[in-house]
Amino acid sequence: MTGHEFTIQHKGEMIMENKIWSKGMTLLTLGAMLALTACGSGGDSKDSGSGGAVKLKIMWQGPDTRHQAMLKTQEVYTSLNPTITFSPEYMAWDDYWKKLPTLAASHSMPDVLHMDGAYIQEYATRGTLEDLSDMDLSGVIDDKTLENLKIDGKLYGIPISRNAQGIAFNTEGLTSAGIELPKKDWTWDEFFDFARNARTKLPDGVYPISDSDTWDFYQYYQTSNGKGPIIQENGTKFNLDKELFTKFYGIYAEFREKKIVPPADMVSSFKENDPQADPMASGKVMTRGATVGSVGALEQLMPGKVDVVNIPVGPEGGGWAQPTIFLSVSTDSKHKDEAKAFIKWFVTDRQAGTTYGMNFGIPIYDDVYKALEPTLQPKDKLGNKLYDTAKDKALPFYPAAAGWTEWVDNYKKTMDAVMFGQKSIEDAYNEISKAGNAIAEKQSKK
Amino acid sequence: MIKSLNRSPVTRHLLLIVFSLLMLYPVIWWIGASLKTTAEMSSPSIWPSKPIWENYTKGWQFSPEFTFGRFFGNTLMMEFWNVLGGVLTSAIVAYGFARLNFKFRGVFFSILLLTMMLPGQVTIVPQYILYNKLHLMDSYIPLILPHFFGGGAFFIFLLVQFIRGIPRELDEAAKIDGASVYSIFYRIVLPLIKPSLVTVAIFTFLWSWDDFFAQVLYLNSVSKFTVSLALRMYVDQFEIQWGRLLAMSLLSVVPSTILFFIAQKHFVEGIATTGLKG
Amino acid sequence: MNAEAVVNKRTDAKLRLTKKKLKGSNDNLAGYIFISPWLIGFLLLTVWPIIQSFYLSFTEYSLLEAPTWTGMDNYKNIFTNDTDFTTSLKVTFIFVLFSVPLKLFFSLMVAIMLNKNVKGMNLYRTAIYFPSLIGGSIAVSALWRNMFNLNGYFNHVLAWFGIEGVGWITNPHTSLGTLILLNTWQFGSTMVIFLAGLKQIPNELYESASVDGATGIRKFFHITLPMLSPVMFFNLVLGIIGSFQMFTSAFIITQGGPINSTYMYALFLYDKAFKHYQMGYASALAWILLVIVALMTVINFMVSRYWVFYETDGGKHK
């Protein structure tokens, strides 16, 4: 290391003073202090309990149009009730469900919060949501709807819009290939025959239906054939009908062979509502499952080409038509009465309804919907048509109970393995049942 | 590739240009896609049939209340403190670990490394509860503060490695002249590790720009949103506003690119020259 | 005459200093002052969450309700009754095994290529660093799909040669490989650290080697590699730690699929914690990962004695 010699001498001549060090330290401390004061202005969420004035923390998810409508609705409420103001927090779907568990863990959930059918079981059964059964909603929401929504006999969220499950199809693609369009209340056999028939008429590389690997689509088959939902009694009972399961996936195995459904690596690349990867919008598949909430997005990807039909029915009916978007009150809330009053107004008041409009879907209150009807856009109309088609034969919505999310994920993974030819249907049945029974047993011990 | 270095300047440039273009393919795709309508996104062509400049103008005008200008401002403010904190403190801590012989040094250095190995997903909730108890919600403090405590194990370890690469004779000569460890740090080590400090600055900037999970948790009001949080607002459950999302996320990498472009001449300057200039 | 005296005095002092060092000189106070920024932060902000997560690993904790103590149950379940654990561990090991050396090799080669005074080098460097700038942006997932889907660009290129491609990220046989490729493509930060390391090598070393008639390859193996070894070691250790915790690209591009073929350990852990409301279980997984990664790091540090060269040890290599 000869090269360093003269560097050493050079450095060695420097005058070393402690002063310099202390100067650095002061600078550092100063910086840290500045940083603290610069951002210390945060945290305006202090509750002002005095003088009857209340600031409600409210949180929801959605796209920007919904955010703007929601903010405006809160403004209206404050103008009617000057003592109530809001501290709003809103974000998109993913972030919302990422953040909420952390808020629950730190007991800082907002007073009023957006809930969804896919999540409410988890939150309700774990004591994070208030029971709202005593809210008087007569004349606004019928008792049967409310009864269907109860979890363990209690109502944990007030529904604000209607939803339903159905199947969307590409009218242009099917018509031009000379295929008869699906009709309302078609049966499962008609659904499968539609697929077989369409295969003979569609060009290569275009498929009538997609493959099936999620639990809910099979469950429609099982429930419509009268064998009941898979997860029962709040997750303490597991019921997967072997005969139906084998028959259903046997048909899909046949379809895979005959290229009635797309190849497995194409199916796993599908991503609904993504312009490049949506099974229908990409032009690869002629049909796919859709809800009132999601069909509007599909319509925007392929304007004027989408129509809807209900889920195939069996002797018991088929599909579901019921609310999946709720407003709930957190058990952490210190202003439960004010929160409830706001929710009641939100659902039952015409002025509220016309302010937020169709931004949460089809409003649950008929009066509100009637007032909005003249302003509906094509995507709203399509959603409404889906709801109307589905409701006659609809069965209740059977969600996964609390503690079952992992089973739901594993169901899909197992059926994907079947789809890729790595597993037999029987093995899949055994694995899924074993896991399901284990969770049911665990849940009933609680 | 080593051999190619000895080739003529022309071949060298050609090689670099081809390689750069290969790496820049995403930018070309990205610019094209950011000018498309959502419906056109599914078409395989890179360039749109008719560029939609609205993706940029409407995307920038995020909501009636806030434009992306606000979010860029917020993020740059946060980044300023992050970078300052990281650069100021990481060198100090690293010097301690690399050069000073104190009791339990090995133990503490092991702990430092261990903190990197525990996945953050399991400490983020307890950490959130801690900050919540300190009433530091909806503020940048939980995002900035950690940078003032050594800037993170990664940077400390990085600088420790660089400091250990500096000949010890430099310190010792200074010691003989009666210099204290503080002045050795300030007068000798600090100037020599300047290039690596620039690296620390760049990485701090880039990584805190991307670190959305912490931002999702700690920032509540839209008025305080960072760029990456605002971008995520375009990704709804059923509908992603691809045009605006791609347009604004392309803009969001502009500051990092500029910073990298400017800063690189400092970190590649290297000890070889700085050491001699003194 | 005076100069000689000074030199002598210095040598004396140096000797005394070395002796003192041998006896174990210590700078306790100064040491703690220097590391205090980290130490204070650690005690204030980090230590409590770490202890918490350790405690939670012995509980059942949904986040939504208070944790309940379950003793060793989580650990027992992980080791005896969890195929996702074994799958994700396997996937992660394969990822680390391929991605770390590939990235190290590639980024070192590029760093050497960019470590030249060529006109416009600033632009080249920025261009080459760009993929790493975009990090985990949502745009990356769209881009990657666009390139490696069934009808993506990559398959179009293959078609020119008459090869029929597959859905690279959606086929369980190729998805992990594609993810490793993506990770290698984002080699920028490793490369920058190499670049900084290369610049720290004194030019005189190369000059004197040239005088001795050493060739380029010889210089690389006898000067560049040994001088770069501390930085190489850093990149190796951090590459391993980081790859074991690889999350973002698996999360945004494949979500672990198809059929768990890219189910990285950190993604599995995240799912448990935030999707399936099993933070206790996730914490146990995290501590198991900590032990694995710590073991790898210890081995790394032990082996490093044989190949990492520090100036501090005195310049024995040449």
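Every heavy atom of this structure was used, including side-chain atoms; hydrogens, water molecules and symmetry mates were not. Order of the sequence lines sets the chain letters (A, B, ...), proteins ahead of strands, with each chain counted from 1. Since this is a predicted model, take the numbers as computed values, not measurements.
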J.: C:T174, C:D84, C:T254: which one forms the most heavy-atom pairs within less than 4.5 Å of chain A?
T.: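 The candidate making the most pairs under 4.5 Å is C:D84.
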J.: Which bit of A:T128 comes within less than 4.5 Å of chain C, counting heavy atoms only: side chain, backbone, both or neither?
T.: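 Side chain of A:T128 only, per the 4.5 Å heavy-atom cut-off to chain C.
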J.: What part of A:D274 gets within 4.5 angstrom of chain C, counting heavy atoms only: side chain, backbone, both, or neither?
T.: side chain
J.: Heavy-atom pairs under 4.5 Å with chain C - which of A:E122, A:M266, A:K412 has more of them than the others?
T.: A:E122
J.: Working note: C:F85 + C:F268, criterion ring-ring contact (aromatic ring centres under 6.0 Å, His included); need CA distance, chi angles, decisive distance, verdict.
T.: CA-CA 8 Å; C:F85 168 71; C:F268 170 46; 7.2 Å; no
J.: Is C:Y277 reaching over with its side chain to a backbone N or O of A:T405, donor-acceptor style, under 3.5 angstrom?
T.: no
J.: Tell me, side chain or backbone of A:K423 under 4.5 Å from chain C's heavy atoms, or both, or neither?
T.: neither
J.: Do you know which of A:S268, A:A104, A:A417, A:G403 has the most heavy-atom pairs with chain C at a distance under 4.5 angstrom?
T.: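 Max contact count across the listed options: A:S268.
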J.: Test side chain to side chain donor-acceptor pair (under 3.5 Å) on A:N234 and A:T236 and set out the steps.
T.: CA-CA 6 Å; A:N234 288 317; A:T236 58; over 6 Å; no
J.: Indicate yes or no for a side-chain donor-acceptor contact from A:D95 to the backbone of A:M91 under 3.5 Å, with no hydrogens or angles considered.
T.: no
J.: Specify the closest pair of heavy atoms between C:L158 and C:G165, including all atoms of both residues, with the distance to one decimal.
T.: CD1-CA, 4.2 Å
J.: Chain C: which of A:Q422, A:R126, A:K413 shares the most heavy-atom pairs with it under 4.5 Å?
T.: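 Result: the option with the highest number of such pairs is A:R126.
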J.: Just give me the residue among A:W407, A:F420, A:Y119 that pairs up with chain C most often, heavy atom to heavy atom, under 4.5 Å.
T.: A:F420
J.: Among C:S175, C:P67, C:P258, which residue forms the greatest number of heavy-atom pairs with chain A at distances under 4.5 Å?
T.: C:P258
J.: Do C:Y281 and C:L285 come within less than 4.5 Å of each other through their side chains, counting heavy atoms only?
T.: yes
J.: A:D265 side chain to C:N171 main-chain N or O, any donor-acceptor pair under 3.5 Å?
T.: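 Checking the backbone N and O of C:N171 against the side chain of A:D265, no donor-acceptor pair under 3.5 Å is found.
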J.: Heavy-atom distance under 4.5 Å to chain C: side chain of A:Y123, backbone, both or neither?
T.: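 Its backbone and side chain both get close to chain C.
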J.: Select one option (side chain, backbone, both, neither) describing which atoms of C:F148 are under 4.5 Å from chain A's heavy atoms.
T.: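 Neither part.
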J.: Does any backbone or side-chain atom of A:K271 lie under 4.5 Å from a heavy atom of chain C? Answer side chain, backbone, both or neither.
T.: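 Side chain only.
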J.: Which atoms of A:A402 come close to chain C, meaning under 4.5 Å heavy atom to heavy atom: side chain ones, backbone ones, both, or neither?
T.: neither
J.: Is the distance between the ring centroids of C:F274 and A:W97 less than 6.0 Å?
T.: no
J.: Taking everything shown except C:E207 itself, do over 12 heavy atoms lie less than 6.0 Å from its CD?
T.: yes
